[in-house]
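Because the structure is a prediction, the values reported are computed rather than measured.
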Amino acid sequence: MTQTPATDYRATLNLADTPFPMRGDLPKREPAWVQAWNDEGLYLRLREARRGAPLFVLHDGPPYANGKLHIGHALNKVLKDMIVKSRQLMGLDAQYIPGWDCHGLPIENAIEKLHGRKLSRDDMQARSRAYATEQIGQQREDFKRLGVLGDWERPYRTMDFANEAGEIRAFKRVIERGFVYRGLKPVYWCFDCGSSLAEFEIEYADKKSDTLDVAFEADDAGALAAAFGLGGLPGDGAKKAFAVIWTTTAWTIPANQALNAHPELSYALVDTPRGVLLLAEELVARCLERYKLEGTVIATARGEALKGLVFRHPLHDTVTAEEGSKYSYRRLSPLYLADYVTAGDGTGIVHSAPAYGVDDFNSCVAHGLQYDDILNPVQGNGVYADELPFFGGQHIWKACERIIEVLGQSDRLMATQPIVHSYPHCWRHKTPVIYRAAAQWFVRMDEGEGVFTKDKAPKTLRQLALDAIDQTQFYPENGRARLRDMIANRPDWCISRQRSWGVPVPFFLNVNTGELHPRTMEILDQAADIVEKGGIEAWSRVTTEEILGAEDAPHYTKSTDILEVWFDSGSTFQHVLRGSHAKNYARAPFHDQGPEADLYLEGHDQHRGWFHSSLLLGCALYDRAPYRGLLTHGFATDGQGRKMSKSLGNTVEPQTITTKLGAEIVRLWVASTDYSGDLNIDDRILARVVDAYRRIRNTVRFLLANTSDFDPATDLVADAELLEIDRYALSRAAELQAEILKHYAVYEFHPVVSKLQVYCSEDLGAFYLDVLKDRLYTTAPKSLARRSAQTALWKITNAMLRWMAPFLSFTAEEAWTQFAGAASQGSIFFETYADLGTPDAALLAKWTQVRAVREAVNKEIEAVRTAGAVGASLQATVAITAPQADFELLASLGDDLKFVLITSAVTLAAGDALAVTVTPSTAPKCERCWHYRDDVGANPAHPTICGRCDSNLHGEGEARHCA
């Protein structure tokens, strides 16, 4: 008898495959996508495809053109890219014009390190422009490598001639609206910068200083006694009387010009062996303890009574304090009344060096001190003027020890001790700064007169900015209070700098009066035209004679100040949205009211930086903010939440990650982390991101493989004909998509990644795809049962790739080329989110309960498996007793219930509570589908397979109803 050859039933299964590889091999594949996007001009093609669609404008906060990208840059740009892409997929014309901040001190510092500090202005400008151009080229390639899509061929740069000219024109408009004035005020001054600093450029760090209690002798002891209602002081006038001050800035003592007391505080005269001391009453005990003195309070009076008293400078009687010298210490310090004085510490009396403190300056000027009489011996490099007695030619920080020594020798030092306190530092050099009075140009926050006002704003700049904050959406919302507090309390904005590499303040000042030339507004237009043709360098080369003519030139000097870099970046909305890229935004609804972006996005430090300066300039120009929304993110920190630094060795470079793991891992790290706080990153965290990426990729690969022979044009099954579990799967996908789009609408990504991971692992991997495998693999290739499953999978894949695309851009693009093929426009970013219809609430509720029962069944099967009674779940026979509602729900699935439970047989009965009994099947195992069935071998021609496999292979095919 001839034996029939054995059939390879595995070959009869629908085990589809896909060229989409399991391994991403991202470091090798991603550069090819970057190159392809660049070569095909994808960004411009996307713009053409969205022509006429509603605009979405994310205005790029310009990174500084200095140094290679760090992980913070990557975080920021990837977040922006995800937002733009998510809006693109919503069908909007979501444009992204990248930009760079190109002027300012950091670049000058870099040039000085390379070429020395004695460069001419022309040389510094030329070298700075070349350096910034080089840095931009390097950074641009790194940004592109991260998968960021944008107009890289036509970015904006603050040093572009048109932008430099536009800044001058914006400056002119701010002047016209009455906000600009020139004034002598104490401003933050950095000795390393050699220039004033804005509030935005200050950070606080601990500094070690020496505290000083210094005695100022009363010039008229009788007047002091009378202020306290006394006929005289103890000791028949033999004792001297002193007002004692406390300070942490010894270097300001040589420039003292007044004392300040609070009018409402109670002050005491204290008789001590060192003399009669004037102190705040509530501080007497602490002061005497500090001075190691015994003393008796002989009288008290309110500060109001001290007004008009006069005291001598503590170095008044030193040998070198000659009369007539500008800085002679033979001067008197009147006592003024001021509300900023407190009795929280010190002595309750504040010494005033008006050149070196805002409160001191305001108090002295309010009491009649003229600008020309303010003493300012500290030069821009931190060194005292040579003619200052004792300390001339010394740097102020080094002179502090000598000042303490001289005060001690003069018997005016009551006490001194070291202290560590929070102190303002330059955020570039990390070195201490001081307040220093300098003639500067300011933008006024409150009421006052500006220069050349002709179209005065309806409110103060502070009021306009506070109103604009109320009209702005914040992400997260707590940014509103932070920015509001900063605007509410900030001083006038000092906008001039004493440097070379920046947009000029094109003013001509009268050499005698300091007044601006009467044609200043015309000159601003002229300067803008010159700069537009030849850059700021062209203005630097222009002579006073060329602008003013031979007659006026001798009477005026050309300002060498530049506008501070925050004016540069703060005004970019004007140059970009209405200037260099105005055609891109021609359909935007802001042309009559000034440009307005949908979103500004930066780190939370920019509440005091770019957000802040942009807000002030938007309000100065247009009475409102240049943005509708502000989004802030945290900083990139190491795995322990520490700030990254080379000294700690905890830095993470994006270039290293992309080379080793791929840019997609950087993108997924950004997307999966809550950016409202700091974002931790290290190798351990990245390993978890890689694992998450693999799970998503494997799910995508399964979906692609099982739709590889599916053509939606011919194979798509109508919704009404889909099996119930397939309709459920689509409802669940529609439900998830609605959640995802809500998150995208408010710029949230980490919930999307979290939900997508759960969806892949639980909804798909642990349930739907698990149930579906039998139907996909064993039913006839073109059967309704299989095409129904493939229809659901195709729609899910079609939607899921679009959900992923904003953050997993390379993977989504790669998968899209396999999935859509010739039917696509070549990139997933031409698409919009798929229409999955409205979720069926009843179906979702039903299958949620089915899945709950399934979990209970699986738990029991697992217990039996652990005991060794069964192997795979298909070997189990399950008996279920269920409450009536669950019984009816499960019964509605009919014979397909066993496919849902992935068992070979199920019996169902109604009862009081859910109960599951699992027993090993006694039926033979089908060689093809691995089910244990009594009809295995029912067809003698195919003795090793079951009846349904026989029907699927040789007959009409099995009928599936629900699963």
Side-chain angles (χ1 to χ4, degrees), residues 212-247 253 256-318 321 323 329-343 345-352 360 363-364 366-369 407-408 410-415:
L212 289 80
D213 288 77
V214 181
F216 286 66
E217 184 181 353
D219 189 58
D220 184 343
L224 176 61
F228 282 83
L230 301 175
L233 297 179
D236 298 325
K239 279 190 173 183
K240 293 183 177 180
F242 303 92
V244 186
I245 67 93
W246 178 88
T247 183
I253 293 293
N256 171 271
Q257 293 186 267
L259 301 179
N260 281 277
H262 195 288
E264 300 300 325
L265 283 179
S266 178
Y267 287 87
L269 280 180
V270 187
D271 187 14
T272 77
R274 288 282 296 271
V276 178
L277 308 182
L278 173 61
L279 301 164
E281 183 181 12
E282 63 184 275
L283 295 172
V284 168
R286 277 189 274 170
C287 289
L288 292 179
E289 181 182 1
R290 202 158 62 238
Y291 309 154
K292 297 180 172 55
L293 291 175
E294 298 290 332
T296 303
V297 174
I298 58 175
T300 62
R302 284 177 62 231
E304 182 69 38
L306 309 180
K307 183 178 180 181
L309 294 177
V310 178
F311 297 82
R312 297 173 184 173
H313 190 280
L315 301 182
H316 183 279
D317 298 328
T318 53
E323 300 262 8
Y329 300 126
R330 286 199 184 280
R331 60 179 184 266
L332 300 178
S333 297
L335 189 145
Y336 301 138
L337 300 178
D339 290 338
Y340 73 89
V341 179
T342 70
D345 52 22
T347 67
I349 302 171
V350 175
H351 107 88
S352 292
D360 297 346
S363 175
C364 288
H367 285 90
L369 184 65
L407 287 170
S410 305
D411 198 29
R412 293 295 181 265
L413 183 66
M414 302 297 295

Do you know the tightest heavy-atom contact between [X] and [Y]?
{"X": "Thr300", "Y": "Ser266", "value": "CB-OG, 4.1 Å"}
{"X": "Ala261", "Y": "Leu306", "value": "CB-CD1, 4.4 Å"}
{"X": "Pro314", "Y": "Ala215", "value": "CB-O, 3.6 Å"}
{"X": "Gly303", "Y": "Leu337", "value": "O-CD2, 3.2 Å"}
{"X": "Leu224", "Y": "Ala241", "value": "CD2-CB, 3.5 Å"}
{"X": "Phe311", "Y": "Ala218", "value": "CD2-CA, 3.4 Å"}

How long is the gap from [atom1] on [X] to [atom2] on [Y], to the nearest 0.5 Å?
{"X": "Arg312", "Y": "Asp317", "atom1": "CZ", "atom2": "CG", "value": "6.0 Å"}
{"X": "Asn260", "Y": "Cys364", "atom1": "CG", "atom2": "SG", "value": "6.5 Å"}
{"X": "Ile349", "Y": "Thr247", "atom1": "CD1", "atom2": "OG1", "value": "13.5 Å"}
{"X": "Arg331", "Y": "Leu315", "atom1": "CZ", "atom2": "CG", "value": "8.5 Å"}
{"X": "Ile245", "Y": "Asp213", "atom1": "CD1", "atom2": "CG", "value": "7.5 Å"}
{"X": "Leu335", "Y": "His367", "atom1": "CG", "atom2": "NE2", "value": "9.0 Å"}

Expected output: side-chain [X] to main-chain [Y] donor-acceptor under 3.5 Å:
{"X": "His313", "Y": "Ile253", "value": "yes"}
{"X": "Tyr267", "Y": "Ala305", "value": "no"}
{"X": "Lys239", "Y": "Thr272", "value": "yes"}
{"X": "Asn256", "Y": "Ala258", "value": "yes"}
{"X": "Thr347", "Y": "Val244", "value": "yes"}

Below 4.5 Å, heavy atoms only, C-beta onward: do [X] and [Y] meet side chain to side chain?
{"X": "Val310", "Y": "Asp220", "value": "no"}
{"X": "Leu233", "Y": "Leu269", "value": "yes"}
{"X": "Asp219", "Y": "His316", "value": "no"}

Practice task
In plain terms, say whether Arg274 and Asp411 are close enough for a salt bridge, that is, a side-chain N and a carboxylate O under 4.0 Å apart.
Solution key: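 Looking at Arg274 and Asp411, the cut-off is met.
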
Problem - side chain to side chain contact (heavy atoms under 4.5 Å, CB included) evaluation trace for Phe228 with Leu278 - result: CA-CA 11 Å; Phe228 282 83; Leu278 173 61; 3.5 Å; yes

Exercise for the section: Test Leu283 against Trp246 for side chain to side chain contact (heavy atoms under 4.5 Å, CB included), laying out the working first. Expected result: CA-CA 12 Å; Leu283 295 172; Trp246 178 88; over 6 Å; no

Exercise for the section: Could you check Glu217 against Phe242 for side chain to side chain contact (heavy atoms under 4.5 Å, CB included), going step by step and ending with a plain yes or no? Expected result: CA-CA 4 Å; Glu217 184 181 353; Phe242 303 92; 3.6 Å; yes

Practice task
Starting from the C-alpha separation in whole Å, work towards a yes-or-no answer on side chain to side chain contact (heavy atoms under 4.5 Å, CB included) for Asp360 and Gln257.
Solution key: CA-CA 9 Å; Asp360 297 346; Gln257 293 186 267; over 6 Å; no

